[in-house]
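Everything below concerns the one structure shown next.
We use all heavy atoms of the structure for the numbers below, so side chains are in, but hydrogens, waters and symmetry mates are not. Remember, predicted model here, so these are calculated numbers, not experimental data.
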Amino acid sequence: MEPGIVIVGAGQAGFQAAASLREGGYHGPLTLVGDETALPYQRPPLSKAYLAGKTDADGLALRPASFFADHRITLHAASPAKAIDREGRRLVLADGTVLPYAHLVLATGSRNRPLPVPGADLDGVRQLRGLADADALKAALEGGPRIVVIGAGFIGLEFAAVAAGRGLDVTVVEAAERAMARAVSAETAAFFRTAHEALGVRFAFAAGVTALTGEGGRVRAVALADGRALEADLVLIGIGVLPNADLAAEAGLPAADGVRVDAFLATSDPAISAIGDCARFPSPFAHGLNGDGTVRIESVQNAIDQGRCLAARLTGKPAAYAALPWFWSDQGPHKLQIAGLSAPGDAAVIRGEGSAFSVFRFRDGRLSAVESVNRAGDHMIARRLLSAGTPLTADQAADPALDLKALAMGRG
């Protein structure tokens, strides 16, 4: 087999890299290795539209099967990568297949963080990462159970909104003092708490889970550190993710909290690159976030942009990766959109009011991020401001007379 480009991971990042390689003029062998049987598909709708019955598996597919045949992209489905032979430039799959490569792309994504308490393996305890997880949750919801969601992050709250919208009994347990504590300001968190409570969702904040208890092998309650026991027929664990960096680490590549790459998404081995959720990379938007200026981002935007950036380099058009991070979350009737990267200590300035507002975050006197709730226009303006590095002070942001659109368009 002629060595070509082999991409490990058939999620959004891996798929985008493959598609962009063909668009960029790469004509050599191209192989996409995935550990699921389904064609590459979108994951964000799993916790929202898919669970709510607004789309089906076909609607999730990134492209039909014909796309891969037409673009000569070989799919190795349901056969995870097992080892990298860097010296021989070969990838070994779990089924024994050996794939030679001229360049290897690691787009291995991330996995759900496990809940390290007794009873986490009981029947009725679920996580949501892939299509099979979503299908199992859809079936479980049909029984009208009492639901406990552990973790008030995006996935947990999106699922809680869907379940509460069906009239089910939902309690969200969170170790932090507020919802989405690592991702948004206290102001945005407070709004979404109130919005979820209006749907009937109950919250237990600053609450540690000590055990999941059950009868006959099935979960029946969630035990909290303060002595409370929350009755549950279904428990969803959503306490974050871990990067799938083991394959890289076992091959001797630096992989502390993500596969380490440079500004061009290359690892320490010039024949191997990494993109998407599994990659830790330098970002111009990480100023003040940590000591080394690197981040690992779990988002569709990052996966797509890194796939395109890497494909451009591999087809002779190298450029440092400098895309602005942005995110979104649909929770019930409300849309949250975030541009930039904030830290918990960043200052907050609010523009707008009621159920439509934006929170402008500032770190070291510089605009770091903007959280927009039901204000899509503000989100687009924020992306322009942050991408261009347009100067904006907290005092300016607090002035309702300031024309942010004009400023973003260079007319301010």
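Residues Arg260 and Asp292 are paired through a salt bridge, judged by an N-O separation under 4.0 Å between the basic side chain and the carboxylate. Salt-bridge formation is not detected for the pair Arg366/Asp364: no Lys NZ or Arg NE/NH1/NH2 atom is positioned less than 4.0 Å from an Asp or Glu carboxylate oxygen. Between Asp269 and Arg86, at least one side-chain N (NZ, or NE/NH1/NH2) sits under 4.0 Å from a carboxylate O, which counts as a salt bridge. Between Arg146 and Asp169 no salt bridge is recorded (no basic side-chain N to carboxylate O distance below 4.0 Å). With respect to the salt-bridge test (charged N to carboxylate O, under 4.0 angstrom), the residues Lys138 and Glu142 do not qualify.
Listed for the Thr210 side chain is a donor-acceptor partner under 3.5 Å among the backbone atoms of Ala223. For His27 (side chain) and Gly25 (main-chain N/O), a donor-acceptor pair under 3.5 Å exists by modelled atom type. Remark: side-chain polar atoms of Arg363 are paired, donor with acceptor, to backbone N or O of His287 under 3.5 angstrom. Using modelled atom types, one side-chain atom of Asn374 and one backbone atom of Lys335 make a donor-acceptor pair closer than 3.5 Å. Arg351 places a side-chain N or O within 3.5 Å of a backbone atom of Ala397 that can act as its donor or acceptor partner. No donor-acceptor pair under 3.5 Å is formed between the side chain of Arg89 and the backbone N or O of Ala271.
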List the steps, then state whether side chain to side chain contact (heavy atoms under 4.5 Å, CB included) holds for Gln337 with Trp326.
CA-CA 7 Å; Gln337 295 170 288; Trp326 53 270; over 6 Å; no

Go through the steps for His76 and Leu99 under the test side chain to side chain contact (heavy atoms under 4.5 Å, CB included), then give the verdict.
CA-CA 10 Å; His76 274 276; Leu99 301 174; 3.8 Å; yes

Intermediate values then yes/no, ring pair (Phe, Tyr, Trp, His ring centres under 6.0 Å), Tyr41 and Tyr50:
CA-CA 12 Å; Tyr41 62 90; Tyr50 188 76; 8.8 Å; no

Let me see the working for Phe154 and Phe327 under ring pair (Phe, Tyr, Trp, His ring centres under 6.0 Å), right down to the final yes or no.
CA-CA 10 Å; Phe154 287 176; Phe327 316 82; 7.4 Å; no

Applying side chain to side chain contact (heavy atoms under 4.5 Å, CB included) to Ser342 and Val184, what does each step give before you reach the verdict?
CA-CA 7 Å; Ser342 65; Val184 303; over 6 Å; no

Applying side chain to side chain contact (heavy atoms under 4.5 Å, CB included) to Gln306 and Ile297, what does each step give before you reach the verdict?
CA-CA 11 Å; Gln306 288 195 340; Ile297 295 177; over 6 Å; no

Apply side-chain hydrogen bond (donor to acceptor under 3.5 Å, both in side chains) to the pair Ser368 and Arg361, showing each step before the final yes or no.
CA-CA 6 Å; Ser368 59; Arg361 311 292 301 278; 5.8 Å; no

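Looking at His103 and Ile272, their side chains never come closer than 4.5 Å, going by heavy atoms from C-beta outward. The side-chain heavy atoms of Asp246 and Arg111, taken from C-beta on, include a pair separated by under 4.5 Å. Under the 4.5 Å side-chain criterion, counting only non-hydrogen atoms from C-beta, Leu93 is in contact with Leu91. The side-chain heavy atoms of Phe357 and Thr188, taken from C-beta on, include a pair separated by under 4.5 Å. At a threshold of 4.5 Å between non-hydrogen side-chain atoms, the residues Asp257 and Pro243 count as touching. The shortest side-chain heavy-atom distance between Arg126 and Leu128 does not fall under the 4.5 Å cut-off. The closest side-chain heavy-atom distance from Leu404 to Leu385 is below 4.5 Å. Using a 4.5 Å cut-off on side-chain heavy atoms (C-beta onward), Phe285 and Val295 make no contact.
Using bins of under 30°, 30° to 60° and over 60° for the plane-to-plane angle, the ring pair Phe205/Phe203 lands in the parallel bin. Taking the six-membered ring for Trp and thresholds of 30 and 60 degrees, Phe15 and Phe67 have ring planes inclined between 30 and 60 degrees apart.
Considering all non-hydrogen atoms of both residues, Leu106 and Cys278 come closest at O-SG, 3.6 Å. Contact detail for Asp378 and Ser358: the closest heavy-atom pair is OD2-OG, 2.7 Å. Closest approach of Ile7 to Ala18, counting heavy atoms only: CD1-N, 3.6 Å. Among all heavy-atom pairs drawn from Ala152 and Val172, the shortest one is CB-CG1, 3.8 Å. Glu36 and Gly130 make their closest contact through OE1-CA, 4.4 Å (heavy atoms, listed as atom of the first residue, atom of the second, distance). Between Ala183 and Glu371, the shortest heavy-atom contact is O-OE2, 4.2 Å.
Remark: Thr194 OG1 to Leu199 CG distance equals 11.0 Å, nearest 0.5 Å. Taking CZ of Arg384 as the reference point, atom CG of Leu407 lies at 11.5 Å (rounded to 0.5 Å). To the nearest 0.5 Å, atom CG of residue Asp305 and atom CG of residue Leu324 are 9.0 Å apart. The OG atom of Ser355 sits 10.5 Å away from the CZ atom of Arg375 when rounded to the nearest 0.5 Å. Atom CG of Asn244 sits about 8.5 Å away from atom CG of Asp277, to the nearest 0.5 Å. Here Leu39 contributes atom CG and Leu75 contributes atom CG; the two are 6.5 Å apart, rounded to the nearest 0.5 Å.
Heavy atoms of other residues, nucleotides or ligands lying less than 6.0 angstrom from NZ of Lys82 number 12 at most. No more than 12 heavy atoms of other residues, nucleotides or ligands sit less than 6.0 Å from atom CD of Glu231. Few gaps surround CZ on Arg22; more than 12 heavy atoms of other groups in view lie less than 6.0 Å from it.
When only modelled atom types and interatomic distance are considered, Arg129 and Ser110 share a side-chain donor-acceptor pair under 3.5 Å. Between the side chains of Arg308 and Ser20, not a single donor N or O lies within less than 3.5 Å of an accepting N or O.
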